[in-house]
Amino acid sequence: MSLLIYGLINSVILALYTVGFSLTYGISGLANFAHGALYILSGFVAWSLMNAAGLPFAVSGILAVLITAAIGFAFYWVLILRVRGIPLAELIVTFAAGVAILELMTWKGFYGLRYSLPVFVNGGVEIAGVGIDYQRLIVLASGLVLVIGLWLFVHHTRIGLAFRAMAQNERTALSIGIESDWIGALSLAFGAALAAIAAMVVLPLGVMESTIGYDVLIYALAVAIVGGLESTLGMIAGSFLIGYGQIAAARYIGAKWMVIVPLAAIVFVLSVKPSGIFGKFKELEERV
Amino acid sequence: MRRGAMIFSGIFLLAILVVLPTSQAATVKPIVIGVPTSLYTPFGRDGLKAVNLAVKEINAKGGVKVGTQRRPFKVVIADTRGGEPNTPVHDALMAYERLITKEKPDAIVVGAFRSEVLIAGMDLVAKYKIPQLSTIAQSPGFQKKFMKDPKKYKYLFRVTTDALVDATYLNNTLDILKKKFGLKNAYFIYQDTLWAKAFSGLMSRHCKKTGWKIVGFDGYAAGATDFSPALSKARESKVQLIGMVWDVPLGAGVFAKQYAAMKVPALLIGFIPPMASPMAVKTLGPGVEYSMSIEFPVGASLPLKKLPKTGDFLSKFKKEYGALPEAAAVNSSAYDAVFILANAIERTGSLNPDKLAAALEKTDYAGVSGRIRFNKQHIAVFGTKDPKKEGVCVIFQWQKDSAGKLKRVPVYPAFLAEGKIQLPPWMKK
Amino acid sequence: MERSPHPFFKVEHLRKNFGGVLAVYNVSFELRQGEFLGVIGPNGSGKTTLVNLITGFVKPTSGKIFFKGKKITGKKPYTIAGLGIARTFQMVRLFYNLPAYKNLIIPLCSSRVKRLRGGRYGEKDDEAIDLLDDMGFERDSRVPYKDVGSLPHGYLKRLDLARAMALRPDILILDELFSGMSMSEVASTLPLIEKFNREGLTIIMIEHRLKELFRVVDRVMVLNFGEKIAEGTPDEVMQEDEVKKAYLGIDVEIPPREAV
Amino acid sequence: MTKQEGYRKKRLDRGIKARSDTLFAVASWKEILYLMIPRFLPVAVLLLLPLFLGNYWNKVLVYACIYGLLALSWDFLASCGLFSLGQSLFFGVGAYIAGGLNYYFHLPPLITIPIATIAGGILCSALLTPVMRLRGVYFAMVTLILPLLLMKIIETTGVFGGTQGLSSLSGFPHEMLSIYIAVVGFLACLFLFRRIINTDYGLILRAIRDDDRSVMSGGINIYWRKSQALFIAGAAGGFAGALMTHHYQFLGMSVFALDYSILPVAAVALGGQGTFAGAAIGSMLLVPLSEALRALGGLRVAIYCGVLIVSIILLPEGFFHYLARKYHQFEKVVKIG
């Protein structure tokens, strides 16, 4: 039972890690390798606001999300725009920017025992004999809300539809008056905001450390690749596979093997079915 | 391409500025102490602060007497990067070597954070013949390598505790718990790195010998972020005690919070930095109550009434830097190391490494962490008996005081204890 | 020519769908050695897909292809090329930053050519220049040494043909070789292809310029919406109602074979 | 970028450049020097440098050569269209082979290094063969992940000393020997790669990068060729790893660290891709620079990344191409009109 529940929570956490990454990729085809860095950056922004400016967590959390979104937006205009359309240069630039952010944070001293965001509600309940804290239930709920909200947003709002048009065909989108650079920048801003939201709900589970950024990136990549990039269904499937895989590996093989699961999954999927579980035919052709 | 050229020349200018030596009008040549360590880990950061504090004190008194002349200390630093095991060891060695060849330190203190860097760096230090008093890494691998060629490695000393000592303290506490409260189911979790594994291995072996039932013994990778498998297993199998050894902040923090959240009805004991830290209540919330942790050696972050020196050191530290050290480990060792070095220099009256090493061997210094002498393997003698005879550690528990505020209360050994071990109410039947 | 028990080249019930779109549907045909087959059809009728299927660039959904009695379906493009099925590309695929003759080095380095040369060690560069000479690249001019990027389009098409011929193929597949060529370029290239055919090369030619095509081919196959709707000599084929329907409005004049 | 009204800059090739491109007869000593200096001067400097540098800067030189080898190996893979983000894979595999042989079988460095070079190349091409059909970003991702995976596997299973690594490996009998092995190995690799890529063999590799379908239709087994390229690049990386292991007499799982993947890419981006000389210059600039910046501690990695971003965005052609153009051309300001 605990396997079931904690597997679910682990999966939702992975989905939260990934949702911003795959939104950005789905809309503008940009694999944002600075995703993990933005995630943890938002955590430290919130922490700084709380501790330096003395704001309550609710306010600083929201501010952190907005600031991260703005950083994502600026990031596009300052850096990505100049290498747009060269996938490899995009990858290297985002990756390098992410590593630079993480190393700068380490250098600034955001590495230690005192960085932690408070949980929303203290305490916990018992479900079917398994102890679970309210924060994890909040993570579960927000994961659900975010995925559904994203679906509604993409399918039922004007800007969401513009996003979809863009995702399907950039040239057509241009011809009906959708500015691709704006959409690209917005997609990165939304991706960054989602990363920040994930950070706000997931980070209170533990303490913060700049190196989390690397892990988040790898988890996001693992989920996105295993499920098939940019497919929402694939993202959900990917996070469940890896999430349960990790918990099961920890329980039945040995806890050390948890970290191997996502890495092995990436390598396995890319070498066997590069388009991922729910990837479409088109992607397969492009990748191989 | 003018812009590109400008950027490049800019980078080069910056480089030149950085390498240019800063001129100093020093009349007396200072004694240079090198501090190569992972400056961004709490251990390295606070270790450096402790060193600076000691140096300031010594210099205020006019410095160290070398022969007839009084010379001040000067601290030079090098960042060996990374608290995680995945930062390159070669790079750390390079930083070490740069420090040694460029700054020409007369001695090195603090030293590596990760055991593998300490051990890999031993050859380097021996090659350049620089006395080194390392104060962070706890791996017993040090002694093992030392004994292979004691002559070659004679410049290397370790001032702080060894994982073996830490484990003895915990084992003795386990004995008390067993006797006093009749606990018998234990679960061990450790960070899958060398010293932590050695540490927890000693604990579990001791438990096996003394009649505990070991329900689980799990190594988690240093980057682990979910401990629910172990915690749910512990919960299901009615574990009464969880032993945990960890040093990377991240995993320990998640564990501490998750342990509290999942309400595992077991007593927590071990070395969990965020939980032992003076800031634990602020960082992790009230869930830390009743958890027990070791501080090695004494004086790292917890002022003890029965050892006034620890209080002195920590109040000076707090006055200088505005807060207590973050981690409940090794800070007092870094402070002591500087004094031990000064002491040895004054005794031998020379900075010659061979003479200095010989003088260090004869060290007998009453420091913050107890009386420091070195054994044949060049590690400081630590024990559980008497701070006047050896270095000591302490085990404390988070308890509520009369005002309901959470405080760290020393509970073991008896000569340091200020309170009794309390069993959480949810464990009493 | 001795008769082998197997047909030289045979396609059986070949079928390919991309997603829901049927690109090639149930196409079967056979080729004798030395035969010259033309493939025609309106745009989007699956001609290029057929070439890609035969040369292994696209894997068929179902169906089989045999070459000299051996099944070659599902084999990798380089294996098929190595067996002796060479092709040109509708949109030429050349290396624009290399001199023209260096483009031929690639097939000349293949194991097939190495085998056919019989271990004879010769200058590959010379052989490349010779080949280009055959295609009408004047040997003494600097044209073969020029970077491909600076050559006019007609040259590119002929270079692509030379590249295919460098492989010393048994079957040559020409995918709209003449598209984008001027009349005079076509006029100089066509005899070349005829010459290859006379020397025993089996050729499959996909072409929109029916006039030129009908002048050289033995047989024509007509595709429409991925299906084979007719096959036979040029005269026979153009009589069929379905073909007329597919080529609605196109009035094709069929010249006598020998009248070049 | 200069805003002179009515004037513009004009760039002209020097006469000798135009002639030396196609003709091999040179007329005077001056011209011979013009052609030879850029080739021989750096080599001579590099060979003489160890005699004059101090102990520490000699270490930096070795470091630069080792990163240079990784950068060359990156550039070689890139020449056939395989963009890797995991040079540390090659590096680490070579290091573990050499270190393992030395630790468990006590073979001397002069035997382990050649074995690590060859076996490292074979092992790397075998490891990457399943993903060879991936292109661009996907290949980069796999190569980024693979070394991490190997690192975690070593951490988890504890093979080869686990997290602690193996120490007290044998070093070179003489300090100068190790420096010269690094320098000569680096130069040999540079010239070998430049040679390979200009032969017909190299031509095919470059063609695979440009258009693999066209190469396939030429009857060339591109996967076989790619695995050969992986072998060559892997051997260079493995050599670097083996050298580093013996140089520091230590082997740990950190040989798979991100640093060994990022720095070579940064070096190539800085120096310019596709000529190997760029990769060499890039690493010879970047490594000493980063050593000079060592005082800044952990900030250095951030600075590599900064250099990488700046050189990709502002100087996409790289330092080498920029220098080469300056060398072969002169500029003059001409009036427009």
Side-chain angles (χ1 to χ4, degrees), chain A residues 29 31 33-34 78-83 86-109 111 210 214 217-218 221-222 224-225 229 253-272 274-275 283 286-288, chain D residues 78 81-85 127-158 162-163 212 258-259 261-262 265-266 268-269 273 296-314 316:
Chain A
F33 273 58
V78 177
L79 294 179
I80 312 281
L81 197 57
R82 291 156 205 268
V83 291
I86 317 164
L88 210 74
E90 284 175 0
L91 187 151
I92 291 177
V93 166
T94 55
F95 185 58
V99 173
I101 291 174
L102 291 177
E103 292 295 328
L104 270 173
M105 282 197 292
T106 310
W107 182 71
K108 283 292 286 175
Y111 182 101
S210 51
Y214 292 111
L217 173 64
I218 286 180
L221 276 181
I225 288 175
L229 286 163
I253 308 175
K256 314 185 221 182
W257 293 90
M258 269 175 99
V259 282
I260 304 253
V261 170
L263 297 173
I266 294 181
V267 173
F268 180 76
V269 167
L270 277 185
S271 50
V272 174
S275 58
E283 276 77 56
E286 273 169 18
R287 280 189 207 190
V288 182
Chain D
L82 295 168
F83 292 92
S84 116
L85 275 182
L127 275 173
L128 288 173
T129 298
V131 293
M132 221 156 37
R133 62 203 176 106
L134 298 179
R135 275 206 304 245
V137 178
Y138 298 94
F139 185 80
M141 275 193 227
V142 171
T143 50
L144 181 69
I145 299 296
L146 257 180
L148 284 179
L149 180 64
L150 288 183
M151 193 200 275
K152 297 283 182 201
I153 287 177
I154 288 171
E155 182 180 357
T156 304
T157 57
T163 52
D212 53 355
L258 210 52
D259 295 41
S261 303
I262 295 184
V265 187
V268 177
Q273 198 218 311
L296 297 178
L299 203 53
R300 290 183 312 131
V301 181
I303 290 172
Y304 299 154
C305 294
V307 169
L308 187 58
I309 295 174
V310 166
S311 41
I312 284 181
I313 290 179
L314 291 183

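Chain identifiers are assigned alphabetically (A, B, ...) following the order of the sequence lines, protein sequences preceding nucleic acid strands; residue numbering begins at 1 within each chain.
Looking at A:I225 and D:Y138, their side chains never come closer than 4.5 Å, going by heavy atoms from C-beta outward. D:L85 places a side-chain heavy atom less than 4.5 Å from the side chain of A:L91.
Separation of atoms CG (D:L148) and CD1 (A:I266) is listed at 9.0 Å; rounding is to 0.5 Å. With rounding to the nearest 0.5 angstrom, the SG atom of D:C305 is 11.0 Å from the CD1 atom of A:I92. The distance from the CE atom of D:M151 to the CD1 atom of A:I260 is 11.5 Å, given to the nearest 0.5 Å.
Heavy atoms closer than 4.5 Å to chain D are found nowhere in A:A222, neither backbone nor side chain. Contact of D:T157 with chain A is made through the side chain alone, with heavy-atom distances under 4.5 Å. Both the backbone and the side chain of A:V93 have a heavy atom closer than 4.5 Å to some heavy atom of chain D. Both the backbone and the side chain of A:L79 come within contact range of chain D, each with at least one heavy atom under 4.5 Å from a heavy atom of that chain.
Nearest heavy-atom pair, D:L149 versus A:A264, reported as atom, atom and distance to 0.1 Å: CD1-N, 3.7 Å.
Every side chain to side chain contact (heavy atoms under 4.5 Å, CB included) that A:L217 has, sequence neighbours left out, goes to A:F33, A:F95, A:L221.
Taking chain A as the reference chain and counting heavy-atom pairs below 4.5 Å, the highest number among D:I153, D:I313, D:I312 is found for D:I313.
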